[in-house]
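Small disclaimer: the values here were computed from a predicted structure and weren't measured.
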Amino acid sequence: MNRNIRTAILVALSILSIGVANAQKFNASDIVITAHGWGGVDMERTRPNIKSYGYMTYEASIGLQTNPNDGSCYSQAFGYPILNFGVSVATMGNFRFHDQTKFPNLYSVYGSFERTLLRRKLISMGYLLDFGATYNPMRYDPVNHPGNNWLSSPVMAYFGAGAFLKFNVGKRWEIGADVMFRHYSNGRLALPNEALNALGGGLFARYRLSDYDYTQYKGIPKRKPEYKKGMQYIIALGGGVHTCMAEWNAKVEKENDPAKKKGIKLKAHPKFSISADFLYRYAFRYASGVSLDVFYSSNMKELEASDRIVYGDEEVANSPGYSPISVGLALVHEVYWHNLAVHVAIGAYPYRHKGVNGEAAKALGDRERGWHYEKAGLRYYFPKLGDTFLGFAIKSHSVKAEYLEFSAGIRL
């Protein structure tokens, strides 16, 4: 398993487990067990050689139903969500190609946050978010499976988001349906990484270990939350590695011999960042503000050499040049669950010189030359250690991953 992917999974699971452990008073009677069947369709139907796009996912999960007895202001603020841990099998081996390409089934472990927005005696509605890791047993092989240029690492990140409608059947059983978007990607730790984006719907059945009484969630007196309202100043140092799309295009797309393609290995280049966040915490669960980001890329010589091969000397001469430093300004939002924060940023570059960035680069799918970027991830704050934090995030351009960033910092 790639060391960086393994580290990402361990960090993610550690952050999530600490957050959940601090959140609740565990009680066996609050456990729920769910079985889920889901059917999806690959949204990018321009894949070469593919002729069928549908697949099924079969899942089982065990969850904790938060409730007023746990004494948590966060549970109350989020409408007493269910925190699930699940496993799934995605039958993407059902994809069919015009050539001999075969696609693997994917196996995932994930955590799920399920929030109810409307709760009645017989019916409930809300949204759910999944975060997890996926094992891919079949990597990119241009000789035996030329159509599978989507997956190139054994372990990937998984994310899902959707909405659900469920019905209470008796005091312990529920049945329901959901609509979800699902994404699988390796965060540019290896190429190719066209990733998988699917949209679909499913049915589920759930059993509770204790009777469900929706009235216990209604009319509960509000407990005054304890939090520090006002400005937050955050300094963060980040780092990670990524494989370069321009080098892929230069070394692989220009190679006509599939056997030689199979032997090509791309170098993983270090990336670093320093960020200063200026956030205002205006509510118990939320803080918003702006960020000044400085990014450092270590592969400018390799990028220029690859651009000369792919685009030619004239395009390189007409480009803005090649600087390892980029400066970004971003809008930032954090959502809190105890000391755990979901951190999201959407930004633009007032200064960035990354070579060829016109229509030629877009035509080859090289989105990381664009003028804007996104970051999304998790942070866990340690109040007893001076409000220092550890975190990770995916940095992307037009929802195309650039690299997986690990970070550490302090909130002032």
Side-chain angles (χ1 to χ4, degrees), residues 12 14-26 30 63-84 110-119 124-131 159-164 216-234 236 275 277-291 330-347 374-385 387-394 407 409-412:
S14 298
I15 289 175
L16 288 171
S17 63
I18 292 172
V20 173
N22 287 346
Q24 311 303 134
K25 294 179 180 178
F26 290 93
D30 294 329
L64 175 69
Q65 170 69 74
T66 61
N67 59 60
N69 296 325
D70 65 26
S72 168
C73 292
Y74 287 89
S75 295
Q76 176 183 273
F78 282 97
Y80 304 104
I82 296 177
L83 309 176
N84 292 298
Y110 63 92
S112 179
F113 182 89
E114 180 183 317
R115 181 186 179 186
T116 298
L117 297 174
L118 174 67
R119 182 182 274 115
S124 300
M125 299 175 63
Y127 66 84
L128 52 92
L129 300 172
D130 291 351
F131 300 91
F159 169 75
F164 67 84
Q216 70 172 314
Y217 303 97
K218 310 295 288 184
I220 302 300
K222 296 288 185 180
R223 289 181 290 273
K224 185 178 180 180
E226 296 180 2
Y227 73 101
K228 185 178 180 181
K229 188 175 182 179
M231 290 298 299
Q232 299 180 150
Y233 307 98
I234 301 171
S275 299
D277 298 347
F278 306 88
L279 304 182
Y280 183 75
R281 189 163 183 180
Y282 52 88
F284 179 44
R285 291 173 287 171
Y286 308 119
S288 300
V290 297
S291 176
L331 297 176
V332 180
H333 184 65
E334 286 194 340
V335 181
Y336 302 103
W337 175 268
H338 293 259
N339 297 323
L340 181 68
V342 176
H343 182 89
V344 180
I346 300 176
E374 311 89 37
K375 290 175 70 174
L378 297 174
R379 290 178 174 178
Y380 189 84
Y381 292 91
F382 299 91
K384 294 182 179 180
L385 297 177
D387 248 3
T388 55
F389 70 86
L390 295 175
F392 73 96
I394 292 285
S407 62
I410 186 168
R411 179 169 56 187
L412 304 174

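Taking each heavy atom of Asp130 and Ser112 in turn, the nearest pair found is OD1-OG, 2.9 Å. Listed here is the closest heavy atom pair of Arg281 and Ala287: CA-CB, 3.7 Å. The two residues Asn84 and Gly63 have their closest heavy-atom pair at OD1-CA, 3.3 Å. The minimum heavy-atom distance linking Tyr282 with Lys229 is given by the pair O-CE, 4.0 Å. Between Tyr381 and Ala341, the shortest heavy-atom contact is CE1-CB, 3.9 Å. The minimum heavy-atom distance between Leu128 and Phe164, with the atom names listed, is CD2-CD2, 3.9 Å.
The environment of Met125 atom CE is sparse: at most 12 non-hydrogen atoms of other residues, nucleotides or ligands sit within 6.0 angstrom.
Put simply, the side chain of Tyr217 does not reach to within 4.5 Å of the side chain of Ser124, judged on heavy atoms. Counting heavy atoms from C-beta on, the side chains of Val335 and Tyr286 come closer than 4.5 Å. With a 4.5 Å cut-off on side-chain heavy atoms, Leu412 and Ile234 do not count as touching. Looking at heavy atoms from C-beta onward, Phe284 lies out of side-chain contact with Tyr336 at the 4.5 angstrom threshold. Residues Ser275 and Lys375 are in side-chain contact: their nearest non-hydrogen atoms beyond the backbone lie under 4.5 Å apart.
Looking at Phe131, Phe78, Phe159 one by one, the single match for ring pair (Phe, Tyr, Trp, His ring centres under 6.0 Å) with Phe113 turns out to be Phe78.
Atom CD1 of Ile82 and atom CG of Leu64 lie 9.0 Å apart (nearest 0.5 Å). In this structure, Tyr280 OH and Met231 CE are separated by 9.0 Å, a value rounded to the nearest 0.5 Å. If you take OG on Ser407 and CZ on Phe392, they are separated by 9.5 Å, rounding to the nearest 0.5 Å. Atom CG in Leu117 sits 6.5 Å away from atom OH in Tyr127 (nearest 0.5 Å). Note that CG of Leu279 is 7.5 Å distant from OG of Ser288, once rounded to the nearest 0.5 Å. Atom CG of residue Leu378 and atom CG of residue Leu390 lie 12.0 Å apart, to the nearest 0.5 angstrom.
Not a single donor-acceptor pair under 3.5 Å links the side chain of Arg379 to the backbone N or O of His343. Between the side chain of Thr116 and the main chain of Gly126, no donor-acceptor pair closer than 3.5 Å is present. Judged by distance alone, with hydrogens and angles left aside, the side-chain atoms of Arg411 form no donor-acceptor pair with the main-chain N or O of Asp387 at under 3.5 Å.
Remark: Arg119 is not positioned above the aromatic ring of Tyr80, lacking an NZ or CZ atom under 6.0 angstrom from the ring centre and at most 45 degrees off the axis.
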